[in-house]
Number of protein chains: 4
Amino acid sequence: MDEIDLSGMDLPEKERKILQAAIGVFSEKGFSASTTNEIAKNAGVAEGTIFRYYKTKKDILRGILIQAINLFSSKIVIGGVEKIFGSAEEKDLRTLLKELLHDRLKLVETFFPMFRVILTEAIYHEDVREALYKNIAVKAIEAVGNLQENMVNRGFVRGDVSPTALLRSAIGSLAVLIAQKILMGDKFTSEEFEAEADIAIDILLNGLAPRSPDSET
Amino acid sequence: MDEIDLSGMDLPEKERKILQAAIGVFSEKGFSASTTNEIAKNAGVAEGTIFRYYKTKKDILRGILIQAINLFSSKIVIGGVEKIFGSAEEKDLRTLLKELLHDRLKLVETFFPMFRVILTEAIYHEDVREALYKNIAVKAIEAVGNLQENMVNRGFVRGDVSPTALLRSAIGSLAVLIAQKILMGDKFTSEEFEAEADIAIDILLNGLAPRSPDSET
Amino acid sequence: MDEIDLSGMDLPEKERKILQAAIGVFSEKGFSASTTNEIAKNAGVAEGTIFRYYKTKKDILRGILIQAINLFSSKIVIGGVEKIFGSAEEKDLRTLLKELLHDRLKLVETFFPMFRVILTEAIYHEDVREALYKNIAVKAIEAVGNLQENMVNRGFVRGDVSPTALLRSAIGSLAVLIAQKILMGDKFTSEEFEAEADIAIDILLNGLAPRSPDSET
Amino acid sequence: MDEIDLSGMDLPEKERKILQAAIGVFSEKGFSASTTNEIAKNAGVAEGTIFRYYKTKKDILRGILIQAINLFSSKIVIGGVEKIFGSAEEKDLRTLLKELLHDRLKLVETFFPMFRVILTEAIYHEDVREALYKNIAVKAIEAVGNLQENMVNRGFVRGDVSPTALLRSAIGSLAVLIAQKILMGDKFTSEEFEAEADIAIDILLNGLAPRSPDSET
DNA sequence: TATGAATGAGAATTCATTCAT
DNA sequence: GATGAATGAATTCTCATTCAT
């Protein structure tokens with residue numbers, strides 16, 4: 001659950017180790033409760049070395065945020081969505097959403113420590129929210145906008161709602177499920193999760209209201 | 001947005017002041033970054049006094065959590081839902097959900113500092129999640145279960161999903177909206193929020209998929 | 001040589017101890033080379049206690065400077081001069097200067113650690129010089145101005161030079177001697193010092209140039 | 001005001017740069033507050049290089065002191081005095097002292113950073129004072145002794161005081177003026193300085209006491 | 001020889017907690 | 001009970017010095 005792979009981001013060897021260790025420690029205890037001493041130990045460097053790369057403890061956090069935004073914005077997060085929806089000519093939306101859910105779950109699991117750090121910061125700091133919004137949310141909305149027309153044409157989604165609303169509802173439905181799986185994983189067997197996922201997607205697609213009898217055939 | 005009223009929970013005057021101040025300070029900076037000195041100042045008591053009521057700083061947090069669970073579990077949180085759904089014989093589900101959304105938004109706004117503290121703790125601590133789950137989630141699911149039969153009979157909701165799933169989807173849809181409103185409030189005018197709320201509820205009720213043409217008449 | 005008595009300046013017991021210790025340590029090693037740990041030890045308080053009274057190490061220095069200016073400005077420094085010159089109707093200038101020299105020497109010896117600290121700071125910091133100038137030099141020049149008319153009338157000093165010039169020359173002549181005594185004290189027996197002092201005062205009064213023969217009788 | 005020229009002292013290129021940079025930095029912040037990192041930067045060498053030439057930071061200071069003593073002892077300090085007093089057969093003492101004052105002022109201005117460093121060290125360290133005394137003061141006294149007989153014969157100075165006393169009084173009178181000019185230069189216009197210098201020299205020559213009326217004619 | 005990354009001992013500062021009043 | 005001064009362990013950060021390249 002530790003050891004996020006940052007090797008893609010070409011940082012000096014030591015800096016990467018420090019960042020990686022910091023993500024682990026911050027994620028475990030939160031920023032303020034973490035000590036540079038512990039980060040140094042986990043990174044396998046001297047405490048002083050940390051401060052060659054990051055002027056202050058706070059700068060480490062900033063470093064993490066920057067990496068996170070790089071990581072989540074274009075390449076992985078948005079890219080993943082586009083790959084799933086772009087390549088899948090033949091699949092119906094239900095299948096696509098299921099794939100998406102699993103993909104996102106894996107993403108969150110992989111980057112869980114980083115997520116936790118960022119989430120906490122976002123909860124407390126306007127400027128972090130702002131940065132996430134600008135760098136991730138805006139791009140995601142754009143990406144959904146691009147997909148939507150195609151989806152509408154294929155009869156997959158309603159055409160009468162904005163990409164924002166569409167995205168929000170999808171995120172809401174899936175995020176709650178993912179959060180539950182991640183945070184209370186031990187209450188969920190895999191099969192249960194699959195079943196719950198199917199239901200959640202069904203509700204997302206068809207709504208809570210009963211279908212009018214004739215439309216179900 | 002400050003000054004949560006805990007007067008219902010009969011605590012010694014000073015203790016209440018301390019808790020209230022602590023909620024404010026923890027909410028602003030997080031637990032670890034907050035100092036007992038600042039709490040004392042905000043509470044208008046001497047620093048030493050805090051330690052008459054709470055053996056350690058951590059105990060203050062525990063005190064907040066206990067209050068929070070009391071507050072959120074039965075009376076306010078679940079109670080609110082029951083009142084809305086119970087009393088409203090004549091309204092349709094769309095209206096009820098709208099009312100619920102506004103009620104929950106007001107709740108979150110009122111208790112925002114407390115929420116923030118609890119949320120952060122829940123993110124980091126299994127035992128807090130456990131406590132919240134047992135004391136709040138379980139009750140909420142029960143409450144929804146009780147409502148559901150009635151709703152199904154009135155043709156408001158599908159009868160083929162569990163209360164858990166139902167609750168999860170509803171929470172997902174509405175929570176994202178509330179979070180957005182709370183955290184990025186300045187990007188939302190009231191009218192925009194109303195419009196977005198209507199759409200979110202519509203999606204929640206009817207789904208993302210296009211209704212089959214004949215069912216719309 | 002340590003233990004400056006600051007008891008006149010009513011400071012809290014602990015604060016006085018800290019200040020006193022700081023003067024000693026700063027004087028011995030200079031500000032930057034001194035550690036708060038050593039100050040605390042010398043003051044007999046915990047290191048943390050220092051920071052209840054002075055937010056930063058630098059503030060301790062500021063505290064010393066303030067005390068020093070209080071001490072040196074009115075009461076002791078200027079006051080001493082006035083007492084010597086004011087009360088002594090019958091004595092000639094030579095005697096007065098001798099008394100002054102001894103008084104100043106004692107003053108410098110008593111406050112040597114404080115002196116050293118202030119001197120070093122003054123050498124490096126414009127603002128300290130400014131403060132000393134405004135609070136001490138200006139007053140001293142005034143005081144000399146007040147004395148001068150009386151002196152001129154009694155035929156003791158020339159009336160054709162400004163108080164500033166007069167003060168400067170007097171300080172120059174005496175300060176070098178005092179500095180030598182303080183810094184190289186072990187090269188000076190008391191008798192030698194007295195002899196040198198007499199000569200220095202004679203030169204100050206009569207100049208380096210040979211007196212014109214007739215004026216010597 | 002920076003950039004002391006040490007090129008006379010044949011040191012390896014890098015070593016000279018390091019010393020020069022160190023003088024600048026030490027002079028600005030004092031020894032303890034200066035960092036080898038900053039010295040390296042100012043010298044345009046790597047931090048490690050410093051330690052090839054000087055085993056410790058303290059050794060850099062020692063290096064400066066050695067240079068300073070070389071510089072000030074024979075050549076510049078004493079030499080300057082001898083040149084002024086030796087060559088000037090026709091001038092009177094007032095003129096000579098004026099020339100000396102200007103020469104010394106220029107000297108102090110030129111070597112101000114070095115001066116500041118040495119002065120601070122001398123204030124704190126007996127051994128530095130000792131070194132300065134032996135290498136500079138003793139030679140200066142000798143030099144003055146050599147001049148004095150000639151001066152006395154020409155009716156310029158009193159013959160009844162020791163070279164030491166003579167030197168001390170001269171230094172006292174002129175040093176105060178130079179210090180004031182250097183440290184509070186902005187309070188002095190050039191003309192004011194000249195006027196003050198004339199007065200100081202007059203007092204040094206003729207004393208503070210009024211000349212006996214008949215001797216002035 | 002020169003470099004500069006890495007080190008770790010040591011410095012200033014913070015803060016929960018204690019306790020005499 | 002309430003206070004707030006005092007504590008000192010713990011924390012962040014600095015910097016002279018070393019050493020592999």
Side-chain angles (χ1 to χ4, degrees), chain A residues 12-15 17-18 31-41 43-60, chain B residues 12-15 17-18 31-41 43-60, chain C residues 12-15 17-18 31-41 43-60, chain D residues 12-15 17-18 31-41 43-60:
Chain A
E13 163 70 2
K14 296 253 158 154
E15 186 169 0
K17 274 193 191 169
I18 291 168
F31 172 76
S32 292
S34 303
T35 70
T36 52
N37 172 39
E38 191 173 359
I39 294 171
K41 264 180 198 151
V45 302
E47 203 167 355
T49 305
I50 290 179
F51 293 92
R52 284 190 64 74
Y53 293 96
Y54 299 95
K55 264 186 91 55
T56 68
K57 187 184 163 194
K58 202 138 213 195
D59 282 326
I60 308 175
Chain B
E13 164 70 1
K14 298 244 160 161
E15 185 168 0
K17 275 193 190 169
I18 292 169
F31 172 75
S32 290
S34 302
T35 68
T36 51
N37 173 43
E38 192 173 0
I39 294 171
K41 264 182 197 149
V45 303
E47 207 168 352
T49 306
I50 290 178
F51 292 89
R52 294 214 147 264
Y53 293 96
Y54 299 95
K55 254 187 100 56
T56 69
K57 187 185 164 193
K58 204 138 213 194
D59 284 325
I60 309 175
Chain C
E13 164 69 2
K14 297 253 158 155
E15 186 169 0
K17 276 193 190 168
I18 292 168
F31 172 75
S32 291
S34 303
T35 70
T36 52
N37 173 38
E38 191 173 0
I39 294 172
K41 265 181 197 148
V45 302
E47 205 167 353
T49 305
I50 290 179
F51 293 91
R52 285 189 64 73
Y53 293 95
Y54 299 96
K55 263 186 92 56
T56 68
K57 187 185 164 195
K58 202 137 214 198
D59 283 326
I60 309 176
Chain D
E13 164 71 0
K14 297 244 161 164
E15 185 168 0
K17 275 193 191 169
I18 291 169
F31 172 74
S32 291
S34 302
T35 69
T36 50
N37 173 43
E38 192 174 359
I39 294 170
K41 264 181 198 151
V45 303
E47 207 168 351
T49 306
I50 289 179
F51 292 89
R52 296 216 145 263
Y53 293 96
Y54 298 95
K55 253 185 101 55
T56 69
K57 187 184 163 194
K58 205 140 212 189
D59 285 324
I60 308 175

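Within every chain, numbering begins at 1; the chains are lettered A, B, ... in the order of the sequence lines, protein sequences first and strands thereafter.
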Using whole Å, report how far [atom1] of [X] lies from [atom2] of [N].
X: B/I50; N: F/dG1; atom1: CD1; atom2: C1'; answer: 15 Å
X: C/E38; N: E/dG10; atom1: CD; atom2: P; answer: 14 Å
X: A/K41; N: F/dA10; atom1: NZ; atom2: C1'; answer: 12 Å
X: C/I39; N: F/dG8; atom1: CD1; atom2: P; answer: 18 Å

Would you please name every residue forming a side chain to side chain donor-acceptor pair (under 3.5 Å) with [X], sequence neighbours left out?
X: C/T56; result: C/D59
X: D/T49; result: none
X: B/Y54; result: B/E15
X: A/S34; result: none

Exercise for review: Would you please name every residue forming a salt bridge (Lys or Arg N to Asp or Glu O under 4.0 Å) with C/K14, sequence neighbours left out?
Suggested key: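 For C/K14, no residue satisfies salt bridge (Lys or Arg N to Asp or Glu O under 4.0 Å) once neighbours in sequence are set aside.
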**Study point:** salt bridge (Lys or Arg N to Asp or Glu O under 4.0 Å) partners for A/K57, two or more places apart
**Key:**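 A/K57: no salt bridge (Lys or Arg N to Asp or Glu O under 4.0 Å) contacts found.
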Review point. How does protein reach along nucleotides 13-19 of chain F, written 5' to 3' as B (base within reach of a heavy atom under 4.0 Å), S (only sugar-phosphate), or - (no contact)?
Key: BBSBBB-
Review point. Can you name the ring-ring contact (aromatic ring centres under 6.0 Å, His included) partners of A/F31, sequence neighbours left out?
Key: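 Listed in chain order: A/F26.
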Exercise for review: Please figure out whether C/A46 or B/Y53 has its closest DNA chain F nucleotide nearer the 5' end.
Suggested key: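 Taking each residue's closest nucleotide, the earlier one in sequence belongs to B/Y53.
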Practice item. Spell out, as yes or no, whether a donor-acceptor pair under 3.5 Å connects the side chain of D/E47 to the backbone of D/N37. Key: yes
Exercise for review: Dot-bracket for DNA chain F, please, read 5' to 3', with Watson-Crick or G-U wobble pairs under 3.5 Å on both distances, ( ) within the strand, [ ] crossing, | other strand, . unpaired.
Suggested key: .||||||||||||||||||||
